[in-house]
Amino acid sequence: MAGATRRSALGLLLGAPLLSACAGVQQSLSQFSNPFSSSSPPAQPAGPPQQATTAGTGGVKVALILPLSAAGNAGLAAQSMRNAAEMALAEFQNPNIQLLIKDDNGSPQGAQQGAQQAVDEGAEIILGPLFAQSVPAVAQVARARGISVMAFSTDSSIAGRGVYLLSFLPESDVNRIIEYSASIGKRSVAALVPENAYGNVVEAALKAAVPRRGGRLVAFEKYGSDRATAARTVAPQLGSADALFIADDGDAVVAVADALTAAGANLRNIQMLGTGLWDNPRVYASAALQGGLYAAPDPAGFRAFSGRYRTKFGGEPVRTATLAYDAVALVAALARTQGTTRFSADVLTNPSGFAGIDGLFRFRADGTNERGLAVMKVTTGGGVAVAGSPKSFGA
């Protein structure tokens, strides 16, 4: 089975041309690493649902459910993801896949209807939907037919029982950066996280990761709109810490760092740590955050993908477009190499994982995923890799 999985990973690599030095803007992961930025559709009214279409002529039918007619950025993101899915079909060598593309209109009802149509048409696996609130509706249909769902939401609470999340989960960021900081001797960690759902996810991951790597959490505070009070609480405790972890998006991280400085902290004396949300121009421009380390996918993969996407479609892909590409490339590789068990739980959760645009990834039995992430350093010119993505997963 391990050999078959390696062939699957190779198939994915063959479907994605080798990384090249394509020029491209590294778009921020902020809105995609936050589990609750894509957990519900926008409030604006959606447009009329788009007609179902197909892509590819292979014998294995795969559903792709996206909010193509949703209002605002959601609809734009969905179109970009659809483009990426079709690009994966075009770049994979003779895929035996037919995509059944369904528009869920940004609603659970639309997602359930699209899933039902797709399974009635013979879909063996469902890719999507994007919004967390639509995933249970799709899962209900899929479980009744005994098939798996590979959703794009970042809300881990909806994973499991045949629902696998192919997304950027903050747990991977936390585990990677804490593992790396421990490896360079930074084991006494202070932390500030936001008082929201994202902060809750990060808190749980952090409190597990630090002791697992032989470290200790010397200070931990959550903050709401009042960052100054939390900063004043943590600043005096930094003398017993050698690393300071702040998990928030670019604007908020800068504001927290400024609040700590105002509270008397000298951030140059401590190793700053963060998540993929730090991939943000505001962070790179902040004097207080220079030299800070954060975990994120190696940007070379997205740059190369963006170059090919731009050539094919004449525009920039959204950051989540790689998820749709990897999902389609993965099912194409599994259809080629795994026979009738191609989309079974044993195949999808193989510990060797798969190679995608953003590096290695693997699904856990609980439906969440683990990614092989790089460690990036904050500089005024952007993020610079100090530790590359792993080439294989440990046990």
Side-chain angles (χ1 to χ4, degrees), residues 12 27-41 63-67 70 73-74 77-78 80-82 84-85 88 104 106 111 125-136 138-139 142 148-176 197-198 200-202 204-205 247 249 275-277 279 295-299 301-302 305 317-331 348-349 353-374 389:
L12 261 180
Q27 296 182 19
S28 174
L29 276 168
S30 294
Q31 68 208 91
F32 308 118
S33 298
N34 184 335
F36 307 90
S37 61
S38 60
S39 53
S40 58
L64 176 63
I65 300 177
L66 291 169
N73 290 336
S80 185
M81 293 175 78
R82 174 183 176 159
D104 66 24
I125 190 170
I126 297 173
L127 310 181
L130 178 61
F131 295 135
Q133 69 176 34
S134 295
V135 175
V138 169
S148 297
V149 176
M150 201 181 296
F152 303 127
S153 166
T154 45
D155 184 349
S156 298
S157 70
I158 57 172
R161 295 179 57 219
V163 174
Y164 302 94
L165 301 184
L166 180 58
S167 47
F168 301 111
L169 300 179
E171 296 94 317
S172 285
D173 294 10
V174 173
N175 291 336
R176 176 66 165 129
Y198 176 74
N200 294 340
V201 172
V202 168
D249 62 26
T275 67
L277 301 193
D279 176 24
D298 187 324
F302 184 70
F305 167 81
V318 297
R319 188 60 184 84
T320 45
T322 57
L323 303 180
Y325 185 104
D326 283 350
V328 171
L330 175 56
V331 295
L348 292 175
T349 61
F354 310 100
I357 295 290
D358 294 300
L360 287 180
F361 64 92
R362 63 180 173 184
F363 296 115
R364 296 189 176 98
D366 66 3
T368 62
N369 71 61
E370 180 181 356
R371 285 186 174 272
L373 300 174
S389 305

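At a threshold of 4.5 Å between non-hydrogen side-chain atoms, the residues Pro297 and Phe302 do not count as touching. You'll find the side chain of Thr349 reaches within 4.5 Å of the side chain of Tyr164, heavy atoms only. At a threshold of 4.5 Å between non-hydrogen side-chain atoms, the residues Leu166 and Arg371 count as touching. Under the 4.5 Å side-chain criterion, counting only non-hydrogen atoms from C-beta, Thr275 is in contact with Tyr198. Counting heavy atoms from C-beta outward, Ser389 and Leu360 have side chains that stay 4.5 Å or more apart. In this structure the side chain of Met150 never reaches within 4.5 angstrom of the side chain of Asn369, judged on heavy atoms.
For Asp155 and Ser153, the side-chain atoms include no donor-acceptor pair closer than 3.5 Å. Side chains of Ser156 and Glu171: a donor-acceptor N/O pair is present below 3.5 angstrom, by distance only.
Leu169 contributes atom CG, which lies 8.0 Å from atom CZ of Arg364 (distance to the nearest 0.5 angstrom). The CZ atom of Arg82 sits 9.0 Å away from the CG atom of Leu66 when rounded to the nearest 0.5 Å. Asp298 CG to Asp358 CG: the interatomic distance, rounded to the nearest 0.5 Å, is 9.0 Å. Here CG of Leu130 is found 8.0 Å from CG of Asp104. Values are rounded to the nearest 0.5 Å. Rounding to the nearest 0.5 Å gives a distance of 9.0 Å between CG of Leu373 and CZ of Phe168. Atom CD1 in Ile125 sits 7.5 Å away from atom CG in Leu330 (nearest 0.5 Å).
Using cut-offs of 30° and 60° for the angle between ring planes, the Phe363 and Phe354 rings count as tilted.
In this structure, Ala321 and Ser80 approach most closely via the heavy-atom pair CB-OG, 3.8 Å. Across Phe152 and Leu323, no two heavy atoms sit closer than the pair CE2-O, 3.8 Å. Of all the heavy atoms in Pro136 and Ala132, the pair that sits closest is CD-O, 3.2 Å. The minimum heavy-atom distance between Ala139 and Val149, with the atom names listed, is CA-CG2, 4.3 Å. Contact record, Asp173 with Ala295: O-CB, 3.5 Å, taken as the closest heavy-atom pair. The shortest heavy-atom contact between Asn175 and Ala205 is OD1-O, 4.3 Å.
With sequence neighbours left out, the side-chain contact (heavy atoms from CB on, under 4.5 Å) criterion links Arg161 to Arg143.
Side chain of Ser134 to backbone of Ala111: no donor-acceptor contact under 3.5 angstrom is found.
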